[in-house]
**Q** 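Here it is, the structure in full.
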Protein chains: 2
Amino acid sequence: MTKKISIVDIANTLNISKTTVSFILNGRAQEKRISEELVERVLKLVKEVGYKPNSLAKSLRTGKSNIIGLMVEDISNPFFASIARLIEDRAYEKGYRIIYCSTDNDTGKTQDLITMFRDRHVDGYIMAPPSNIDDDVRSLLKSGSPVVLFDRYLPEVETDYVVVDNQFSTYNATRHLIEQGYSKIAFITFSSQQSQMMDRVTGYKNAMKEAKLKTFIKEVDFNRNEELIIEPIHAYLKKNPTIDAVLFGTDHMGTCGLKVINQLGLKVPDDIAVVSFDDYDVFKLHSPPVTAIAQPIETIADNIITLLLKKLDNGNAQTMQKITLSTNLNIRNSSKQVVKAV
Amino acid sequence: MTKKISIVDIANTLNISKTTVSFILNGRAQEKRISEELVERVLKLVKEVGYKPNSLAKSLRTGKSNIIGLMVEDISNPFFASIARLIEDRAYEKGYRIIYCSTDNDTGKTQDLITMFRDRHVDGYIMAPPSNIDDDVRSLLKSGSPVVLFDRYLPEVETDYVVVDNQFSTYNATRHLIEQGYSKIAFITFSSQQSQMMDRVTGYKNAMKEAKLKTFIKEVDFNRNEELIIEPIHAYLKKNPTIDAVLFGTDHMGTCGLKVINQLGLKVPDDIAVVSFDDYDVFKLHSPPVTAIAQPIETIADNIITLLLKKLDNGNAQTMQKITLSTNLNIRNSSKQVVKAV
DNA sequence: ATGAAAGCGCTAACAC
DNA sequence: GTGTTAGCGCTTTCAT
C-alpha cells in the first residue's frame with residue numbers, strides 16, 4: 001500500500017538527501033536553486049510511488065495542522081448545519097479541514113472541546129459560544145490562536161465576530177404584527193443569557209413598549225428532547241387564550257410552536273398569527289406559509305471564513321472586526337390580518 | 001500559557017526521566033512497579049502546571065489519532081445531519097473525535113477526502129459512499145483501516161454496513177397508494193447508481209408490476225441549486241396531468257416536490273397524493289400531513305458507531321457485519337383517498 | 001524500580 | 001546547489 005513510503009525512501013532511491021526532496025516538495029526549489037532536472041526526477045518518482053507526506057509529522061514540526069475547529073450549538077439544527085456546510089466548502093478550497101463539535105450550549109462541554117482542539121493544534125477556532133466561556137476564549141486569544149465568533153458574541157471579550165442585528169429584527173417583526181392589528185403578541189423563546197437571545201427579547205420589548213402594549217414573554221429551557229419544549233408552550237398558550245399572535249425566538253422554537261398550534265387546533269392566522277426567527281422549508285411550505293426572519297446564511301458563512309482565513313494568513317496580526325448583518329423579514333400569510341377588524 | 005510544557009519539563013523538574021513520567025501517565029506505573037510516592041508526585045505536578053500531552057506527537061509515535069473520518073453526502077441535509085450528531089455523541093464518549101466532510105456524491109472529491117483522511121491517520125472511516133469508489137474503499141480495507149458504510153453499500157466490496165430495507169420500503173409505500181385507489185402513481189427521484197436508489201426504484205416497480213399498472217418514473221440530476229431540482233419536477237408534473245399520486249425518493253426530493261405542488265396549485269391529496277422517503281418536520285407539519293417512510297435514525301447511528309468501535313478495539317479482526325434495518329411507513333392524510341370513488 | 005536512547009517523518013538552520 | 005544534523009514531543013525496548 002501507499003503506506004510506508006517516507007521522504008527518506010525517496011531520497012535514498014535517488015541518492016540525494018531528504019532536505020533536497022523536502023525543498024522541492026515545498027516549492028522552494030527555485031529559491032534554493034535546485035536544478036530543473038533534479039526537480040523533475042524527484043517529482044516523477046514521487047508520483048510513481050504515490051508518496052504522500054505524513055501531515056502528522058509535518059504538523060508536529062511546523063506547529064500548523066491545517067485544521068479548523070468548528071463549534072456549533074447543534075449540528076443537527078438546520079441553521080448550524082447550513083453554516084457548517086458553507087464554511088466547510090470554503091475552508092476545503094483553501095486546504096483547511098474542519099473538525100466540528102456540538103456544544104449543546106453547555107459551558108463545561110465546550111471547555112472540554114476547546115482543550116481537545118488546542119491539544120490537536122488546530123490553527124483556528126470558529127464558535128457559537130455558550131455563556132460563561134469568556135475566560136477560555138481569552139486564553140485562546142492570548143496564546144495566539146485566531147478565534148471568530150458567530151451567531152452571538154461575548155460582550156466582555158474583544159474578538160472578531162459575525163452576527164445579525166437581532167434586536168432590530170425582532171423589533172421590526174413585532175412592529176409588523178402590531179401594524180397588522182394584533183395586540184396580544186407573545187414572544188416565545190429559549191431562556192438564555194446569550195447576546196443574541198437577549199437582543200431578540202429587547203427588540204420585542206421595545207416595540208411593545210412603544211405601542212403601549214402589554215408584553216407576554218415565555219421562556220422555555222433548552223432540551224434535546226422535543227417533548228419537553230412542546231409541553232411548556234402548550235401549557236402557556238392554553239393558559240393565555242387571549243394571545244392573538246406569537247413571535248418565536250428561533251427556528252427550532254418555531255417548529256415546536258407550530259406543532260403545538262396544530263395540537264390545539266388553532267387556525268393561523270385567524271386564531272393566532274405566527275412569525276418565527278430563521279427561515280426554513282418548514283415555514284415556507286406550511287399552510288399558510290409562515291412569516292419569518294431570514295438570516296443571510298451565505299453571507300454569514302462567507303464573512304466568518306474570510307475573517308478567519310485572513311487572520312491565519314497574517315499571523316493573527318490585525319485588529320478585530322465586528323460584523324453585524326441585517327436580516328430580512330419575509331412576510332407571508334401567517335401574519336396577515338384578515339379583514340375582519342372593520 | 002499551557003503552551004510549552006512538555007513531558008521533558010516535568011521530568012526535569014522532578015529530576016527523573018521522561019520515560020518514568022510517560023509510564024505513569026499511561027497508567028503503566030503498577031506494571032512497571034513505580035513507587036506509589038513517585039506516582040503521586042508526578043501526578044500532582046502535572047495537575048499543578050496543567051500539563052497536557054501533545055496528541056500530535058503521540059499520534060506520530062503510536063500511529064493512532066483517535067479521530068474518525070465521517071463522510072456524508074451533504075451535512076446540511078437533515079438526514080445526514082441527524083446521523084452525524086448521534087455519531088458524534090457516541091464517539092465523543094469513547095474519546096474519539098470526528099472530522100467530517102460532505103462528498104456531494106462526487107467520486108473525485110471523495111477520493112481526495114479519503115487521501116486526506118488517510119494522510120491524517122484517522123483510525124476509522126464512516127462513509128455514505130458515492131458510486132465508483134470501490135477500489136478506494138478496498139485499498140483502505142487492505143491497509144487495515146476499519147470502514148463502515150451506511151445509507152448505501154457497495155455490492156462489490158466486502159465491508160461492514162448499515163442500511164435500511166429500501167426495496168421493501170418503497171414497495172410497501174407504493175402498495176399503500178394502490179390500496180388507497182390511486183393508479184397513476186409516479187416515482188420521482190434522483191438519478192443515481194447507488195444501491196439505495198436502485199433498490200427504491202425496484203421496490204416501486206415491483207409493486208406497480210404486481211398491480212399491472214404503468215410506471216411513471218422521473219429521475220432528476222442532483223444539484224445543490226434547488227431551482228434546478230424544482231424545475232424538472234415542475235415540467236414533469238405539468239406534462240403528465242393524469243398522475244394522481246407521487247412517491248418521492250428522498251426527503252430533499254419530497255421537499256422540492258411539495259414546493260412544486262404548491263406552485264401548481266394542486267390540492268393534496270385530492271388532486272395528487274404524496275408520499276416521501278424520510279420523515280421530517282416539513283412532512284409532519286404540512287397541511288395535510290405527508291405520509292412518509294421513516295428511517296430509524298437513532299438505531300442506524302447506534303449500529304454504525306458500535307460496529308466501528310468494535311473494530312477499533314479488536315484491531316479490525318472480525319468478520320464483516322451487514323445490517324439491514326426496517327423502516328416505518330407513517331401514514332398521514334396526504335395519501336388517504338377521500339371517499340369519492342363510490 | 002528507573003533511565004538512556006532510538007526513532008516516528010518531517011523541516012530548516014547551517015554547513016560545504 | 002546539495003547535504004548534515006538537530007530537533008518537534010512522545011513511546012518503548014533494552015539496560016541496569
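Chain letters run A, B, ... following the sequence lines, proteins first, then strands; residues in each count from 1. From a predicted model like this one, the values you see are computed outputs, not experimental measurements.
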**Q** Hey, which of these two, B/Lys58 or A/Thr62, hits DNA chain D nearer its 5' end, going by closest nucleotide?
**A**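 The residue mapped nearer the 5' terminus is A/Thr62.
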
**Q** For the pair A/Asp160 and A/Lys310, find out whether any cationic side-chain nitrogen is under 4.0 Å from an anionic carboxylate oxygen.
**A**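 Salt bridge between A/Asp160 and A/Lys310, a charged N being under 4.0 Å from a carboxylate O: no.
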
**Q** Between the base of D/dT12 and the side chain of B/Thr19, is there a donor and acceptor pair under 3.5 angstrom?
**A** yes

**Q** With sugar-phosphate meaning primed atoms plus P, OP1 and OP2, does B/Asp9 contact a base, only sugar-phosphate, or nothing at under 4.0 Å between heavy atoms?
**A** nothing

**Q** Rounded to whole Å, how long is the line connecting atom CG of B/Leu60 with atom P of C/dC10?
**A** 9 Å

**Q** Is B/Ile34 touching bases, backbone alone, or none of the nucleic acid, heavy atoms closer than 4.0 Å?
**A**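 If one applies the 4.0 Å heavy-atom cut-off, B/Ile34 turns out to touch the sugar-phosphate alone, with no base involved.
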
**Q** Report yes or no: do A/Ser55 and B/Arg120 form a side-chain donor-acceptor pair below 3.5 Å?
**A** yes

**Q** Checking B/Ser102 against B/Asp104: is there a side-chain donor and acceptor pair closer than 3.5 Å?
**A**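 No.
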
**Q** For B/Asn12 and D/dC10, give me the distance from atom CG to atom P, rounded to whole Å.
**A** 12 Å

**Q** Once you round it to whole Å, what is the distance between P of C/dG3 and CZ of B/Phe23?
**A**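 Nearest whole value for this atom pair: 11 Å.
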
**Q** Taking CZ from A/Arg61 and P from C/dT11, how many angstroms apart are they, rounded to a whole number?
**A**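 The answer, rounded to whole Å, is 9 Å.
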
**Q** Within the 4.0 Å heavy-atom criterion, would you say B/Ser35 contacts the bases, only the backbone, or no part of the nucleic acid?
**A** sugar-phosphate

**Q** Below 4.0 angstrom, N of the basic side chain to O of the carboxylate: do A/Glu158 and A/Lys322 qualify?
**A**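 A salt bridge links A/Glu158 with A/Lys322.
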
**Q** Using five pairs at each end of the helix from C/dA1-D/dT16 to C/dC16-D/dG1 to define an axis, what is the angle between those two axes, to 10°?
**A** 50°

**Q** How would you label the contact of A/Leu56 with the nucleic acid (heavy atoms, under 4.0 Å): base, sugar-phosphate, or nothing?
**A** nothing

**Q** For residues A/Leu307 and A/Ile323, determine if any side-chain heavy atom of one lies less than 4.5 Å from a side-chain heavy atom of the other.
**A** yes

**Q** Nearest whole angstrom, please: distance from the P of D/dG7 to the NZ of A/Lys18.
**A**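 About 13 Å, once rounded to whole Å.
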
**Q** OP1 or OP2 of D/dG3 less than 4.0 angstrom from a side-chain nitrogen or oxygen of A/Thr20, does that happen here?
**A** yes

**Q** Find the distance B/Asn15:CG to C/dT2:P and express it as a whole number of Å.
**A**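 Roughly 14 Å, once rounded to whole Å.
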
**Q** Counting only side-chain heavy atoms from C-beta out, which of C/dT11, C/dA5, C/dG3 sits nearest to A/Ile7?
**A** C/dT11

**Q** Just the rounded figure in Å: distance from P of D/dT11 to CG of B/Asn66.
**A** 12 Å

**Q** If you take any heavy atom closer than 4.0 Å to DNA chain C, which residues from residues 25-33 of chain B end up in contact?
**A**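 Only B/Lys32, B/Arg33 qualify.
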
**Q** Does OP1 or OP2 of D/dT11 have a side-chain N or O of B/Ser22 closer than 4.0 Å?
**A** yes

**Q** Going by an N to O cut-off under 4.0 Å, is there a salt bridge joining A/Lys44 and A/Glu40?
**A** no

**Q** Round to a whole Å and report the spacing from NZ of B/Lys52 to P of D/dC10.
**A** 13 Å

**Q** For A/Arg118 and A/Ser139, what are the C-alpha separation, side-chain angles and deciding distance, and is it a side chain to side chain donor-acceptor pair (under 3.5 Å)?
**A** CA-CA 11 Å; A/Arg118 184 187 286 222; A/Ser139 118; 2.7 Å; yes

**Q** Would you say B/Tyr92 and A/Asp112 make side-chain contact, with heavy atoms under 4.5 Å?
**A** yes

**Q** Just checking B/Ser6: base, sugar-phosphate only, or nothing, at a heavy-atom cut-off of under 4.0 Å?
**A**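 Sugar-phosphate, backbone atoms only, no base.
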
**Q** Do the rings of B/Phe150 and B/Phe79 sit parallel, tilted or perpendicular, given the 30° and 60° boundaries?
**A** tilted

**Q** Under 4.0 Å, counting only non-hydrogen atoms across every strand here, what does A/Leu38 touch: a base, just sugar-phosphate, or nothing?
**A**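 Sugar-phosphate, no base atom in range.
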
**Q** Could you tell me whether A/Lys94 and A/Asp313 have a side-chain N and a carboxylate O separated by less than 4.0 Å?
**A** no

